[in-house]
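Naming: A, B, ... by sequence-line order, numbering from 1 per chain. For clarity, every value in this text was computed on a predicted model and none was experimentally measured.
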Amino acid sequence: MTYDPSVIEAKWQNRWEQDKTFELPQDLSKLRQKPKYYVLDMFPYPSGAGLHVGHPEGYTATDVMARLKRAQGFNVMHPMGWDAFGLPAERAAVRENIHPAIITKRNIDNFRRQIKRLGFSYDWSREVSTADPDYYKWTQWIFLKLYEKGLAYLAEVPVNWCPALCTVLANEEVKDGKYVETGDPVEQRIMRQWMLKITAYAERLLQDLDGLDWPEGVIEMQRNWIGKSEGLLFTAKVKDLDLNIQTFSAHFETFHADTYVVIAPDHPLLPTLVNGISNAAEILAYSKKMVEKREGSTEQEPDGIFTGRYVEDPVNQVDIPIWVANFAIATYGTGIIKCSAHDDRDFKFAKKYGLRLQPGLVPPNEPELAARVRAQEVCYTDMINGILEHAGPFSGKRSGDCRHEIIQYCQDKGFAVPKVSYKLRDWLFSRQRYWGEPIPVVHLKDGSLQPLPESALPLELPKVDAYKPTEDGQPPLARASEDWLEVKLPNGQIGRRETNTMPQWGGSCWYYLRYLDPKNSNQFCDPELEKYWMPVDLYVGGVEHAVLHLLYARFWHKVLYDCGVVSTKEPFQKLFNQGMILAHSYQDSAGKYYYPDEVESKGSSWSVKATGEPVKTQVEKMSKSRYNVVNPDDVIAKYGADSMRLYELFMGPLDQVKPWQTNGVEGVYRFLQRTWRLAKRELSEQPGSSEPGLWRQLHKTLKQVQEHTLELRYNTAISQMMIFVNEATAAQTLPKEIMLTFLQVLAPYAPHICEELWERLGQKELISKTSWPVFDPALCTEDEVVIVIQVNGKRRDEMRVARGLAKEVVEQQALELPQVKYFLNGAAPKKIIVVPDKIVNLVV
RNA sequence: GCCGGGGUGGCGGAAUGGUAGACGCAGGCGACUUAAAAUCGCCCGAGCACUCUCGUGCGGGUUCGAGUCCCGCCCUCGGCACCA
């Protein structure tokens with residue numbers, strides 16, 4: 001019988017399911033008998049488009065790890081679920097006027113079917129969906145905890161309002177004035193919204209990054225997003241007004257050089273400031289225009305207007321003007337900045353409006369440049385190496401050396417106090433949508449808020465006649481019937497329900513905890529199970545979640561930690577980002593795309609089969625519009641899940657971006673066929689050591705596969721297995737012992753074929769249940785090594801000698817080689833470098 | 001502009017400072033076959049005056065020896081971007 005994946009894969013997937021092979025016990029006394037390993041995938045949003053080959057890349061990586069760890073004696077938590085709330089299902093619901101739950105279920109069923117075909121060893125009894133009331137009951141419960149702790153609050157905030165979607169969007173969902181998903185325009189509005197006080201955790205979110213085994217890039221992105229800067233908060237009186245203003249400066253070294261002040265055009269203090277100025281109305285109108293112009297646009301020319309006011313600067317005891325400037329941001333620092341010649345924006349702004357500058361920092365050892373700085377021709381900003389001038393007691397000092405002294409000085413003089421600022425803002429947590437978790441809060445007549453008691457959870461989504469906003473622009477939940485909207489509290493008070501829902505990020509903030517105890521109706525997770533399983537040992541997903549999901553989840557986790565309901569400060573100990581899978585696309589000169597089967601290659605160029613029109617080919621992100629999406633169903637139908645799994649990992653390093661090449665699948669498919677034929681050979685009953693060369697190769701393979709897999713270097717693990725199979729194919733006899741062990745090595749990667757061959761070779765137990773074989777280190781190295789002989793660093797010959805041969809002997813033997821004699825040409829080497837078992841270099 | 005990846009054959013990629021190109025794809029030649037497919041074996045960076053020379057984005061450096069380490073650049077992908 002030839003290798004037919006379609007038959008054996010279905011067979012073993014059924015067997016694993018019936019046998020509950022990958023289901024874990026919930027009984028702690030049982031669990032505690034083994035060490036734990038928690039390997040987690042970022043769960044998918046089940047879109048209508050189904051899976052593409054990018055999804056299973058990470059899932060395959062975690063599955064191989066899960067299977068290896070299981071064989072090594074760990075209890076392995078390896079679950080899968082659905083990030084099921086979200087806008088696309090809601091939009092489909094509006095379009096088709098079907099309940100989003102139905103659309104979501106349809107999509108989940110399809111995703112589950114596709115994922116299951118790959119034979120992953122998930123414990124499906126732990127499947128969760130964030131849109132399931134049994135799940136979102138606990139999302140709401142966590143919200144109540146946040147509310148209790150004062151971390152959830154309502155505020156009038158400027159928000160990004162998307163008219164097309166009739167909802168607000170978080171800052172990070174908006175780019176260049178458009179919703180990042182759809183490109184719909186977004187405008188600013190002031191609205192009353194739920195906010196989560198993530199800023200209260202800024203410092204801890206920053207500090208605790210240090211202990212994490214995460215990609216440096218992701219850590220850096222989170223650091224930047226939190227954006228901590230330490231500086232000074234200066235206070236100065238406004239001239240002619242009974243008003244002090246404060247300015248924040250992280251680059252305060254040049255504080256003597258500050259010559260003007262700017263305020264953000266949308267600063268709440270601005271109207272007070274200009275009150276009494278003759279052209280106050282003009283200033284406010286111009287400021288308003290600046291704010292509008294700023295919306296959604298990126299880099300801008302400096303723009304501003306004089307407020308007519310001055311501050312009495314205590315530092316140099318002069319009055320310096322206050323301007324409105326478009327580059328000042330109301331929500332960062334104090335929204336007011338003291339400006340000097342030593343900031344690019346300040347410098348540009350002053351040049352444009354002819355404001356006075358007083359340079360006070362020059363480069364060391366560059367007199368010409370220093371002269372140009374003093375002449376205000378160039379802006380110099382090096383606060384570390386620059387030398388201070390006109391700086392009172394600090395004149396002549398290197399700026400970077402006296403930062404601390406300056407802090408002390410400004411404090412002593414009463415100019416300023418130390419202050420830390422963060423870029424991180426509070427998290428806008430309400431959406432005017434239907435398909436999300438209802439916020440479990442009631443608005444009372446007197447305007448106060450009443451959170452629902454835990455007993456009232458889950459607060460389920462009400463029935464509505466349509467999944468769109470009301471005529472007067474209220475959220476879809478306002479369409480619910482009065483008996484849902486109106487609530488009578490136990491104490492007789494009447495209130496109305498909150499009609500905003502939570503954003504999609506909510507449910508994904510804690511799903512890794514629910515997997516541990518998914519059926520618990522009393523608690524979101526049993527604390528003892530949590531203690532056993534947490535933290536997640538390996539979390540694999542796309543880098544697109546580097547900031548938002550991972551920051552929000554860390555925030556919620558820390559809140560839960562403070563509530564005493566989780567035992568670790570951080571949820572995800574090790575994080576790994578798989579690289580995106582790209583695909584070739586084909587485009588003619590008019591920009592029209594073609595499907596891969598519509599084009600053919602002629603030598604190095606490509607053209608459309610039907611018309612012969614030349615097309616260019618490029619490697620791009622997979623998308624429907626580029627006609628280059630590869631569907632895993634098609635790959636599996638042709639080559640099987642095992643080949644699919646192998647190719648996903650063989651393509652290249654897991655963390656790298658790489659193009660899908662369908663004929664690359666062919667290669668791993670051939671490898672599996674060779675493996676199949678190998679097992680069909682007449683196998684020798686002799687021990688493995690009866691075929692010493694292959695026996696060694698087996699142990700080498702075992703060692704490398706084990707080590708490389710644990711290091712997530714799957715591609716090189718696979719190539720070692722290919723080397724083994726090539727060698728085994730060439731071997732005279734193939735001991736059954738060797739074949740069986742090899743199947744165990746391959747099983748985490750290609751479990752179906754290995755189960756099948758394992759069974760055919762007479763084994764009773766599932767290969768998925770067997771223990772990982774142990775390699776013999778002594779067999780992993782060769783007895784003989786090839787030593788390269790170089791003359792003057794150039795390879796001239798090689799020789800095969802016993803491993804560990806003494807340096808002197810190697811040297812002597814090398815000198816005897818005819819090739820060496822030829823290249824030495826009678827000369828005696830000046831120096832001889834011998835690296836045992838590696839190389840000899842003779843230097844003349 | 002700042003931060004972080006990445007530049008190695010026709011392609012995906014491999015190489016604790018020690019034979020650059022493992023493994024695979026594509027290609028070539030051969031065996032088997034009536035033939036094709038499949039399979040198996042061999043070849044496969046470039047040049048050439050063939051015991052050789054050049055070759056890992058570019059220019060320097062350290063070293064007996066550099067894809068790998070150091071300095072200075074270029075290109076490319078991703079993230080952030082008036083954050084004081």
Side-chain angles (χ1 to χ4, degrees), chain A residues 2 215-221 223-225 227-229 231 247-252 262 264 294 297-302 325-329 331-340 342-346 348-349 421-425 543-544 546-547 577 579-580 582 584 601 603-604 619 646-647 650-653 655-668 670-671 673-674 677 713 715-723 726 729-730 786-798 818-819 822-823 829-835 837-844:
Chain A
T2 55
E216 197 45 48
V218 176
I219 293 203
E220 207 46 41
M221 278 192 244
R223 282 205 189 106
N224 291 341
W225 192 265
K228 179 179 182 175
S229 64
T247 56
F248 173 74
S249 175
H251 303 299
F252 49 75
V262 297
R294 185 160 73 182
S297 69
T298 46
E299 197 87 11
Q300 274 187 7
E301 275 300 293
N326 63 340
F327 63 81
I329 296 170
T331 51
Y332 183 77
T334 62
I336 311 174
I337 317 168
K338 268 173 95 186
C339 300
S340 75
H342 302 293
D343 176 285
D344 288 318
R345 291 157 313 173
D346 299 354
K348 254 168 100 178
F349 190 83
S421 278
Y422 298 90
K423 287 190 214 172
L424 185 70
R425 320 271 173 80
V543 72
E544 64 273 19
V547 176
N577 298 123
M580 203 192 315
L582 309 176
H584 286 275
S601 73
S604 59
V619 169
L646 275 173
Y647 182 63
F650 184 63
M651 289 169 78
D655 57 357
Q656 238 148 75
V657 173
K658 44 209 173 272
W660 183 271
Q661 291 174 308
T662 295
N663 53 19
V665 189
E666 206 100 34
V668 294
R670 281 202 274 263
F671 161 68
Q673 286 177 307
R674 272 202 296 281
R677 284 196 298 270
R713 295 165 63 200
N715 54 329
T716 47
I718 294 169
S719 68
Q720 180 60 40
M721 291 190 277
M722 288 172 166
I723 292 170
N726 290 345
T729 304
V786 173
I787 293 188
V788 169
I789 317 299
Q790 297 182 333
V791 177
N792 284 334
K794 295 208 164 132
R795 181 186 183 282
R796 295 305 182 188
D797 205 352
E798 61 179 43
Q819 288 294 304
Y822 177 88
F823 281 98
K830 263 194 296 202
K831 192 172 176 186
I832 301 177
I833 293 111
V834 182
V835 182
D837 299 338
K838 283 269 164 64
I839 204 160
V840 175
N841 192 5
L842 307 158
V843 186
V844 188

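A:I723 comes within 4.0 angstrom of sugar-phosphate atoms only, judged by non-hydrogen atoms across all strands, and of no base. Looking at heavy-atom distances under 4.0 Å, A:A328 makes contact with a base. In this structure, A:N841 reaches the bases: a heavy-atom distance under 4.0 Å links it to at least one base atom across the strands shown. Nucleic acid contact for A:Q790: base, since at least one base atom lies under 4.0 Å from a heavy atom of the residue. At the heavy-atom level, A:P818 lies nowhere under 4.0 Å from the strands shown. If you check every strand for non-hydrogen atoms under 4.0 Å, A:V657 touches sugar and phosphate atoms only. If you check every strand for non-hydrogen atoms under 4.0 Å, A:V843 touches sugar and phosphate atoms only.
Comparing B:rC23, B:rC83, B:rA14 by their closest approach to the side chain of A:F650 singles out B:rC23. Set against B:rU39, B:rA22, B:rU19, the side chain of A:V786 has B:rU19 as its closest nucleotide. When the nucleotides B:rC64, B:rG6, B:rU51 are ranked by their closest atom to the side chain of A:K831, B:rC64 comes out on top. Proximity note for A:R674 (side chain, C-beta onward) versus B:rC54, B:rG24, B:rA84: the nearest is B:rG24. The side chain of A:R796 approaches B:rC52 more closely than any other nucleotide in the set B:rG12, B:rA14, B:rC52. Between B:rU19, B:rU53, B:rG18, one nucleotide has an atom nearer to the side chain of A:R795 than all others, and that is B:rU19. Of the candidates B:rC23, B:rC83, B:rC64, the closest approach to any side-chain atom of A:R425 belongs to B:rC83. When each of B:rA22, B:rA15, B:rG18 is scored by its nearest atom to the side-chain atoms of A:R713, the top-ranked nucleotide is B:rA15. Of the candidates B:rG12, B:rA14, B:rC40, the closest approach to any side-chain atom of A:K658 belongs to B:rG12. For A:N326, whose side chain is taken as the heavy atoms from C-beta onward, the closest listed nucleotide among B:rC82, B:rA15, B:rG12 is B:rC82.
With rounding to whole Å, A:Q819 atom CD is found 16 Å from B:rC50 atom P. Rounded to whole angstrom, the span from the CE atom of A:M221 across to the P atom of B:rG4 amounts to 11 Å. A straight line from OH of A:Y647 to P of B:rC23 spans 18 Å, rounded to a whole angstrom. Distance CE (A:M651) to P (B:rA14): 12 Å, rounded to an integer number of Å. What separates CG of A:N726 from P of B:rA22 is a distance of 13 Å, to the nearest Å. Between the CD atom of A:E220 and the P atom of B:rC80 there is a distance of 14 Å, rounded to whole Å. To the nearest angstrom, C1' of B:rA84 lies 15 Å from NE2 of A:H342. Atom CZ in A:R670 sits roughly 13 Å away from atom P in B:rA37 (whole-Å rounding).
Scanning atom types as modelled, one donor and one acceptor separated by under 3.5 angstrom connect the side chain of A:K838 and the base of B:rU16.
Rounded to whole Å, the C1' atom of B:rA49 lies 31 Å from the corresponding atom of B:rC58. Comparing the P positions of B:rA36 and B:rA14 gives a spacing of 37 Å, expressed to the nearest Å. To the nearest whole angstrom, the two P atoms, one in B:rG4 and one in B:rU16, are 24 Å apart. Across the C1' atoms, B:rG24 and B:rC44 are found 14 Å apart, a figure rounded to whole Å. A distance of about 30 Å separates the C1' atoms of B:rC50 and B:rU63, rounded to the whole Å. Taking atom P on both nucleotides, B:rG12 is separated from B:rC77 by 16 Å, rounded to a whole Å. Comparing the C1' positions of B:rG9 and B:rG55 gives a spacing of 10 Å, expressed to the nearest Å. Between B:rC69 and B:rG17, the distance separating the two P atoms is 8 Å to the nearest Å.
For the OP1/OP2 pair of B:rC83 and a distance below 4.0 Å, the side-chain nitrogens and oxygens of A:S421 include no atom meeting the criterion. The phosphate of B:rC83 has OP1 or OP2 within less than 4.0 Å of a side-chain N or O from A:R345. Using a 4.0 Å cut-off, some side-chain N or O of A:R677 falls inside it from OP1 or OP2 of B:rC40. OP1 or OP2 of B:rU51 has not a single side-chain nitrogen or oxygen of A:Y822 nearer than 4.0 Å.
To the nearest 0.5 Å, atom NE2 of residue A:H584 and atom CH2 of residue A:W660 are 12.5 Å apart.
Counted by atom type alone, A:S229 and A:Y332 present one or more donor-acceptor pairs between their side chains at under 3.5 Å.
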Does the side-chain contact (heavy atoms from CB on, under 4.5 Å) test come out yes or no for A:R425 and A:T331, once each step is laid out?
-> CA-CA 8 Å; A:R425 320 271 173 80; A:T331 51; 3.4 Å; yes
Could you go step by step and tell me if A:R796 and A:I789 meet the side-chain contact (heavy atoms from CB on, under 4.5 Å) rule?
-> CA-CA 6 Å; A:R796 295 305 182 188; A:I789 317 299; 5.6 Å; no
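Of all heavy-atom pairs between A:W225 and A:K423, the closest is O-CB, 3.8 Å.
In terms of position on RNA chain B, the residue among A:V788 and A:K794 whose nearest nucleotide sits closer to the 5' end is A:V788. Toward the 5' end of RNA chain B, the nearer of the two residues A:V840 and A:M722, judged by each one's closest nucleotide, is A:V840.
Stacking between A:W225 and B:rC80 is absent: the ring centroid is not both under 5.5 Å from the six-membered base ring centre and under 30° in plane angle.
A syn orientation is assigned to B:rG9, its glycosidic angle lying within 90° of 0. Base orientation of B:rC52: anti (glycosidic angle beyond 90° from 0).
Counting only Watson-Crick or G-U wobble pairs whose defining distances are both under 3.5 Å, the stems of 3 or more consecutive pairs in RNA chain B are B:1-7 with B:74-80, B:10-12 with B:23-25, B:27-31 with B:39-43, B:45-47 with B:52-54, B:57-61 with B:69-73.
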